[in-house]
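Below is one structure, written out as structure tokens, with a few remarks after it.
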Amino acid sequence: MEKERKYWHLQLRVSRREVLRKAAKAGIGLTGFALIGCAAASTTTPTRAPTASPVPTPTSAKPTAGGTLIVAQRGTTTMDPDQASGGADAYLFPNLYNSLTAVDKVGKSVPELVESWETPDSTTVILKLKKGVKFHDGTAFNAQAVKFNYDRSYNPDQIGYPKFKSGSARHLERVKSYETVDDYTFKFTLKGPSSSFLYLGTGGQMSSEAPGWMVSPEGVKKFDNDLRQHGVGTGPFQFAEWRMDDRIALKKFPDYWEAGVPYLDGITWRAIPDSTAAMTMLKNNEVQWDNWFDFKDLETMKADPNLVLIADSVPGFVYLMLNQKKPPFNNVALRQAVAYAIDREAISKVVYKGVHPAAEAWFGTHSWAYDPKIKGYPYDLAKAREKLKEGGKPEGFEFIISVASAFPDWVQAAELMQGMLTKVSIKAKIELVERATMSTRRNTGEYVAESVGTSGDVDPHPDLARIHGTKSGWGPAALDPNDAVTKQVDALIDKGDAVYDIEERKKIYSEAQKILVDQVHFFLVLTYQTSRNVHWKGIAGYIQHPGRFFTSYRKVWFQK
């Protein structure tokens with residue numbers, strides 16, 4: 001590794017339009033800045049998948065093989081996708097497993113373990129599988145293995161596995177039936193048209209608990225419930241050891257189907273729950289990678305010539321949730337007053353050091369559903385006072401913002417909003433609670449407002465359906481199915497999923513976003529989110545997956 005080379009690099013993959021706008025607003029010239037534009041989405045969604053994976057960003061030198069990467073990790077609970085419960089598990093999965101389909105850098109479905117797919121009609125999806133792929137135990141990946149995995153997630157009584165409820169089953173609600181056609185052809189029949197199915201139903205790379213991750217049937221039979229500590233997939237790395245609360249080690253899989261990779265001999269995830277300790281170990285080169293740095297450490301990282309920071313735009317939001325079923329927020333004018341009184345740019349700058357950009361609408365530049373014509377509420381105190389008068393509260397009002405004490409950035413965002421709102425005589429009291437308490441209140445509607453953040457999905461449908469739809473059984477909209485605006489948005493969500501043309505989908509989701517923004521419908525989106533990867537210098541080849549919780553090291557290598 002070069003000892004002399006010193007650099008710090010910050011990549012913010014945003015649109016040129018966004019960079020120019022922010023730079024102009026701040027009075028900053030663009031000389032010397034390298035603008036990395038998002039690739040444009042295709043105008044149509046083909047009925048047959050492409051047959052090649054996305055081309056990686058080229059590096060300056062030829063990759064070299066060897067070495068073990070040490071990664072700081074927090075909270076991994078399982079190697080079994082059917083038992084996964086959170087984002088920390090998902091950091092491991094792209095290295096141990098492959099999914100049937102993946103997504104490219106703008107969120108479109110592309111092949112992974114399939115060569116191609118066909119949609120001969122609106123409710124049929126036929127997958128043509130790759131041949132010659134092996135699981136880590138030497139058994140063959142084929143259509144029978146695919147069926148076993150879907151039975152395990154969706155219909156476990158047929159095979160006796162698992163001995164627990166799989167979180168993957170919820171992603172298969174739109175499936176009517178599935179079957180093997182031959183050894184390398186698998187067929188799904190859907191209950192109705194669903195453009196998001198290839199993402200939700202076969203793309204393991206969208207969630208820690210998705211049905212697309214392919215696990216060895218023989219591995220399941222051998223380890224049963226203990227697969228959580230003995231993952232067996234088709235991925236670039238295979239299981240080596242797990243020392244509980246200490247480390248997880250994977251080693252290079254020599255029979256990996258993708259020629260030439262991985263370059264690393266292995267990866268070891270060290271259990272380091274404290275972000276300060278992780279940063280100290282990173283600076284001392286005791287670990288070489290951390291995928292969840294704390295914003296308080298940003299300036300320290302920028303000042304260290306040995307560290308490389310990669311902050312890529314990914315799905316996810318920080319937001320203020322307003323319960324429009326309870327006063328004062330059952331009054332749309334008062335929700336709009338709050339929206340005008342909050343300076344989202346200041347929250348981005350102060351809390352997130354400019355890494356999380358201020359949000360305009362539901363989907364940012366990370367998504368093909370991004371619509372630059374949709375603008376959020378500008379910071380305008382005069383407009384806020386007008387809305388207070390329109391809402392019958394010219395002297396202001398009081399309300400409570402609940403926030404999880406375990407998330408200091410959410411608390412800080414709430415404190416900033418508290419100060420901003422006082423300028424228009426709105427008094428917000430901050431209530432610190434446990435995260436579980438917040439979730440319970442949200443699901444029962446027993447809250448007034450919450451300062452919170454969430455990871456998002458690459459395809460726009462799941463976020464809209466989960467948060468603003470009524471069929472998910474979760475979230476505020478599900479508690480308000482008879483509201484006129486909720487019904488309108490719910491219909492657009494269903495319409496968008498039933499259309500396969502991507503440009504038509506985009507129009508539908510733009511219409512939904514305009515309504516959500518105008519009505520401040522349950523949510524005021526404050527900032528978008530970014531990935532938080534920081535690594536030791538001399539590491540090359542990393543490509544950020546468009547989903548937040550996915551860090552694949554299959555093309556990473558140490559520069560010599």
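Hydrogens, waters and symmetry mates play no part in the numbers below; they use all other heavy atoms, side chains included. Here the structure is a predicted model, which means the values were calculated and not measured.
Crowding of Lys296 atom NZ: a count of heavy atoms from other residues, nucleotides or ligands under 6.0 Å exceeding 12. Within a 6.0 Å radius of CG in Asp246, other residues, nucleotides and ligands contribute more than 12 heavy atoms. Around the CD atom of Glu241, the shell of radius 6.0 Å holds more than 12 heavy atoms that belong to other residues, nucleotides or ligands.
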Next on the checklist: Working note: Asp297 + Lys353, criterion salt bridge (Lys or Arg N to Asp or Glu O under 4.0 Å); need CA distance, chi angles, decisive distance, verdict.
Outcome noted: CA-CA 10 Å; Asp297 295 321; Lys353 316 303 180 187; over 6 Å; no

Checklist entry - Please walk me through it: do Lys514 and Glu360 pass salt bridge (Lys or Arg N to Asp or Glu O under 4.0 Å)? => result CA-CA 10 Å; Lys514 289 174 185 176; Glu360 297 285 356; over 6 Å; no

Next on the checklist: Run the side chain to side chain donor-acceptor pair (under 3.5 Å) test on Asp265 and Thr68 for me, step by step, so that the C-alpha distance in whole Å, both residues' side-chain angles and the decisive distance to 0.1 Å come before the verdict.
Outcome noted: CA-CA 6 Å; Asp265 291 332; Thr68 297; 5.4 Å; no

Next on the checklist: Run Ser348 and Thr527 through side chain to side chain donor-acceptor pair (under 3.5 Å) and show every step you take.
Outcome noted: CA-CA 6 Å; Ser348 169; Thr527 73; over 6 Å; no

Next on the checklist: Determine whether Arg385 and Tyr340 satisfy the following criterion, side chain to side chain donor-acceptor pair (under 3.5 Å), listing intermediate values before the conclusion.
Outcome noted: CA-CA 9 Å; Arg385 294 187 182 99; Tyr340 277 121; over 6 Å; no

Next on the checklist: Could you go through Asp255 and His136, starting from their C-alpha distance and side-chain angles, then the distance that decides it, and tell me whether this counts as side-chain contact (heavy atoms from CB on, under 4.5 Å)?
Outcome noted: CA-CA 8 Å; Asp255 292 327; His136 299 151; over 6 Å; no

Next on the checklist: With side-chain contact (heavy atoms from CB on, under 4.5 Å) as the criterion, how do Leu113 and Trp257 come out once you've worked through the C-alpha distance, each side chain's angles and the decisive distance to 0.1 Å?
Outcome noted: CA-CA 9 Å; Leu113 287 177; Trp257 56 269; 3.7 Å; yes

Item to check | Full working for side-chain contact (heavy atoms from CB on, under 4.5 Å) between Gln73 and Tyr91 | outcome: CA-CA 9 Å; Gln73 179 65 301; Tyr91 286 122; 3.7 Å; yes

Next on the checklist: Between Tyr352 and Phe295, is the ring-ring contact (aromatic ring centres under 6.0 Å, His included) condition met? List the steps.
Outcome noted: CA-CA 6 Å; Tyr352 299 107; Phe295 286 104; 5.1 Å; yes

Next on the checklist: Set out, in order, the CA-CA distance, both residues' side-chain angles and the distance that settles side chain to side chain donor-acceptor pair (under 3.5 Å) for Trp362 and Asp463, then state yes or no.
Outcome noted: CA-CA 9 Å; Trp362 201 250; Asp463 280 333; 4.8 Å; no

Checklist entry - Does the side-chain contact (heavy atoms from CB on, under 4.5 Å) test come out yes or no for Val308 and Ile539, once each step is laid out? => result CA-CA 9 Å; Val308 179; Ile539 297 173; over 6 Å; no

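Checking each of Asp290, Ile272, Asn291, Ile248 against Val71 for a side chain to side chain contact (heavy atoms under 4.5 Å, CB included) leaves exactly one that passes, namely Asn291. For the side chain to side chain contact (heavy atoms under 4.5 Å, CB included) test with Ser402, the passing option among Met321, Arg441, Lys429 is Arg441; the others fail. With respect to Arg335, the side chain to side chain contact (heavy atoms under 4.5 Å, CB included) criterion is satisfied by exactly one of Tyr377, Phe522, Phe329: Phe329.
Side-chain atoms of Asn95 come within 3.5 Å of backbone N or O of Tyr553 as a donor-acceptor pair. A distance-only check finds no donor-acceptor pair linking the side chain of Glu112 to the backbone of Leu100 [under 3.5 Å]. A donor-acceptor pair is defined here as one N or O able to donate and one able to accept, closer than 3.5 Å; no such pair exists between the side chain of Asn284 and the backbone of Glu286. Proximity of a side-chain donor or acceptor of Gln529 to a complementary backbone N or O of Thr454 within less than 3.5 Å is detected. Judged by distance alone, with hydrogens and angles left aside, the side-chain atoms of Gln418 form a donor-acceptor pair with the main-chain N or O of Ala428 at under 3.5 Å. Between the Ser367 side chain and the Phe363 main chain, no donor and acceptor come within less than 3.5 Å of each other. In terms of modelled atom types and a separation under 3.5 Å, the side chain of Lys251 and the main chain of Phe237 share no donor-acceptor contact. A distance-only check finds no donor-acceptor pair linking the side chain of Thr437 to the backbone of Val433 [under 3.5 Å]. A donor-acceptor contact shorter than 3.5 Å links the side chain of Lys375 to the backbone of Pro372. Proximity of a side-chain donor or acceptor of His356 to a complementary backbone N or O of Thr530 within less than 3.5 Å is detected.
Separating the OH atom in Tyr256 from the CD atom in Gln238 is a distance of 13.0 Å, to the nearest 0.5 Å. In this structure, the separation between CZ on Arg243 and CZ on Arg270 is 9.5 Å, given to the nearest 0.5 Å. In this structure, the separation between CG on Leu322 and CG on Leu320 is 4.5 Å, given to the nearest 0.5 Å. The line from OG1 of Thr551 to CD1 of Ile543 is 12.5 Å long, rounded to the nearest 0.5 Å. Interatomic distance, CD of Glu431 versus CD of Glu450, reported as 9.5 Å (0.5 Å rounding). For the atom pair NE2 (His521) and CD (Gln513), the distance works out to 14.0 Å, reported to the nearest 0.5 Å.
Between Asp304 and Lys283 there is a salt bridge, with a side-chain nitrogen of the basic residue lying less than 4.0 Å from a carboxylate oxygen of the acidic one. Salt-bridge annotation for Asp380 and Lys383: absent, with no side-chain N of the basic residue lying under 4.0 Å from a carboxylate O of the acidic one.
Arg344 places none of its side-chain heavy atoms less than 4.5 Å from the side chain of Tyr379. Residues Leu264 and Val556 meet the side-chain proximity criterion, which asks for heavy atoms closer than 4.5 Å. You'll find the side chain of Leu282 stays beyond 4.5 Å of the side chain of Thr280, heavy atoms only. The shortest distance between side-chain heavy atoms of Val103 and Val110 does not fall below 4.5 Å. Looking at Leu524 and Ile342, their side chains come closer than 4.5 Å, going by heavy atoms from C-beta outward. By the 4.5 Å heavy-atom criterion applied to side chains, Asp343 and Met417 are not counted as neighbours. Under the 4.5 Å side-chain criterion, counting only non-hydrogen atoms from C-beta, Lys555 is in contact with Glu258.
In terms of heavy atoms, Pro460 sits closest to Trp368 at CD-CZ2, 3.4 Å. The two residues Tyr97 and Trp213 have their closest heavy-atom pair at CB-CE3, 3.6 Å. Between Ala413 and Ser451, the shortest heavy-atom contact is CB-OG, 4.2 Å. A pairwise comparison of heavy atoms in Thr78 and Leu92 identifies O-CD2, 4.4 Å as the closest pair. Closest approach of Met79 to Leu250, counting heavy atoms only: CE-CD2, 4.4 Å. Nearest heavy atoms, Ala341 versus Leu421: CB-CD2, 3.8 Å.
A side-chain donor from one of Asn98 and Thr234 sits under 3.5 Å from a side-chain acceptor of the other.
Here the two rings, on Phe523 and His468, have centers that are under 6.0 Å apart.
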